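Written below as structure tokens is the structure these notes are about.
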Amino acid sequence: MTELTPPHAEDPFDITVRSNGLGRRRVVEKLFGLLAILSAVIAVAILALVLGTVLLKGLDSLTLSFFTEPRPLFGEEGGIADALIGSAIIVGMSMLFAIPVAVLVAIYMSEYASIRVATFLRLVLDVLNGVPAIVVGIFVFGLLVVGHGQSAVYGSFALSILMLPMVARATQEVLDIVPRSQREASLALGVTKWRTTWNIILPSAIGGILTGVVIAVARVAGETAPLLFTSSIAANAISLDVSHALPTLPVAIFVFSESPDPSEQAMAWAAATVLIAFVLAMNILAKLFAGRKARQLGGR
């Protein structure tokens, strides 16, 4: 005999019945939205505070001589020309060291390695990406600097260690989103795998690869700790000799900020303004590359 449901009993699965917790859920939803908006406002406010403080204290020292003269000695007036050139050389060499290796590692992970090997390499790159910069500096100092002295080559090698996992992971992620049909169509026409990778896959992913490179350059350009161990004992003069230590912008900011001279402290704020401007420019460039690539993939 079938048991009848009492007429006063409510069906727990009846969607027409008004939920008793609807008001509470609405309050929680509004509260969560307000917290998200507040967090975004706080993040923007922190960035604005940092940029405003640096610009307020550094703009007065941004003169033409600041960019054309080397670091001053004994209270003399000077600039950061030597540090700008040294940073450009060291960062440029680190790009030459890191980018080819990083791209080749990413190609191996995406196109040739088995799933297990690719997973292991991703883990290795993620761990390497999380190694503190000062640890990398100490490593290079103990491996190369001790017994040989500081040089720009050792500094660029330290920066390339920091750059390699960022570029490799960014490249690998971009290669993985290239449609599989492009690979299959090329291979079906008899094209070898390496030519398919070189002529089909890499051109399709070049926008994402450049985005990863730009972001990596923006990060390592401001690293100070590795350069303190590898290329900080430098003369206050413009030099192109990479076999010796070269002055760099992050180290110059550190030295100026530690000086008791108010004029050099003002130069530290001005140099920080230049460095922040460079990082912002690199990030904007990365966004432009990413946006252009997204439009290309979208067929616009």
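This is a predicted model, so every value here is computed, not measured.
- Side-chain contact between Lys193 and Thr196 is absent, with no heavy atoms from C-beta onward closer than 4.5 Å.
- A side-chain donor from one of Asp261 and Ser263 sits under 3.5 Å from a side-chain acceptor of the other.
- For the atom pair Met267 CE and Phe256 CZ, the distance stands at 3.5 Å (nearest 0.5 Å).
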Pair Ser239-Leu246, side chain to side chain contact (heavy atoms under 4.5 Å, CB included): steps then yes or no: CA-CA 7 Å; Ser239 175; Leu246 296 179; 3.8 Å; yes
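- Counting only heavy atoms from C-beta outward, the side chains of Leu55 and Trp269 never approach each other to under 4.5 Å.
- For the pair Ala106 and Gln172, the tightest heavy-atom approach, listed with the atom from each and the gap, is CB-N, 3.6 Å.
- For the side-chain contact (heavy atoms from CB on, under 4.5 Å) with Leu47, the qualifying choice from Val44, Leu49, Leu51 is Leu51, the only one to do so.
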Worked verdict on Thr273 versus Ile276 for side chain to side chain contact (heavy atoms under 4.5 Å, CB included): CA-CA 5 Å; Thr273 303; Ile276 288 180; 6.0 Å; no
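- In the hydrophobic clustering of this structure, Val131 groups with Leu228; members are Ile, Leu, Val, Met, Phe, Trp, Tyr whose side-chain heavy atoms approach within less than 4.5 Å, directly or through other members.
- Considering all non-hydrogen atoms of both residues, Val214 and Met282 come closest at CG1-O, 2.8 Å.
- Here the CG-CZ distance, from Leu227 to Phe229, works out to 11.0 Å after rounding to the nearest 0.5 Å.
- Considering only heavy atoms from C-beta on, Ile107 comes within 4.5 Å of Leu202 through its side chain.
- Under the side-chain contact (heavy atoms from CB on, under 4.5 Å) test applied with Leu164, the options Leu125, Leu159, Asn129 reduce to a single match, Leu125.
- Remark: Leu210 CG to Ile215 CD1 distance equals 11.0 Å, nearest 0.5 Å.
- Annotation for Leu38: atom CG counts as buried by contact number, over 12 foreign heavy atoms lying within 6.0 Å.
- For the residue pair Arg122 / Thr119, a side-chain donor-acceptor distance below 3.5 Å is found, with atom types taken as modelled.
- Ile134 and Val140 fall within a single hydrophobic cluster, where Ile, Leu, Val, Met, Phe, Trp and Tyr are joined by side-chain heavy atoms under 4.5 Å apart, directly or via other members.
- Cluster membership for Val178 and Trp194, using ILVMFWY side-chain heavy atoms within less than 4.5 angstrom, is shared.
- Under the 4.5 Å side-chain heavy-atom criterion for grouping Ile, Leu, Val, Met, Phe, Trp and Tyr, Leu104 is not connected to Val124 through any hydrophobic cluster.
- Atom CG of Leu128 is separated from atom CG of Leu162 by 8.0 Å, given to the nearest 0.5 angstrom.
- In this structure, the side chains of Tyr108 and Leu121 come closer than 4.5 Å at one or more pairs of heavy atoms.
- Open room surrounds CD1 on Ile233; 12 or fewer heavy atoms of other groups in view lie less than 6.0 Å from it.
- The closest side-chain heavy-atom distance from Ser232 to Val251 is below 4.5 Å.
- Distance check, rounded to the nearest 0.5 Å: CE of Met109 to CD of Glu173 gives 8.0 Å.
- Between Ser156 and Ser94, the side chains place no donor N or O within less than 3.5 Å of an acceptor N or O (distance only, hydrogens not considered).
- Across Ala98 and Ser160, no two heavy atoms sit closer than the pair CB-O, 3.6 Å.
- Under the side-chain contact (heavy atoms from CB on, under 4.5 Å) rule, Ser87 has a single partner from Leu275, Val274, Thr248, which is Thr248.
- Between Glu258 atom CD and Gln265 atom CD the span is 9.5 Å, to the nearest 0.5 Å.
- The nearest pair of heavy atoms linking Val174 to Gly208 is CG2-CA, 3.7 Å.
- Checking each of Val145, Val242, Ile90 against Tyr154 for a side-chain contact (heavy atoms from CB on, under 4.5 Å) leaves exactly one that passes, namely Val145.
- Side-chain contact check for Thr197 versus Tyr112: some heavy-atom pair is nearer than 4.5 Å.
- What you find for Gly58 and Leu62 is that their closest heavy atoms are O-CG, 3.4 Å.
- Note on Val146: it clusters hydrophobically with Val136, by side-chain heavy-atom contacts below 4.5 Å among ILVMFWY residues.
- The heavy-atom pair separating Ala170 from Gly212 by the smallest distance is CB-CA, 3.8 Å.
- The side-chain heavy atoms of Ile80 and Arg71, taken from C-beta on, include no pair separated by under 4.5 Å.
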Worked check of side chain to side chain contact (heavy atoms under 4.5 Å, CB included) between Val135 and Phe139: CA-CA 6 Å; Val135 175; Phe139 165 73; 5.5 Å; no
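- Looking at heavy atoms from C-beta onward, Ser151 lies out of side-chain contact with His244 at the 4.5 angstrom threshold.
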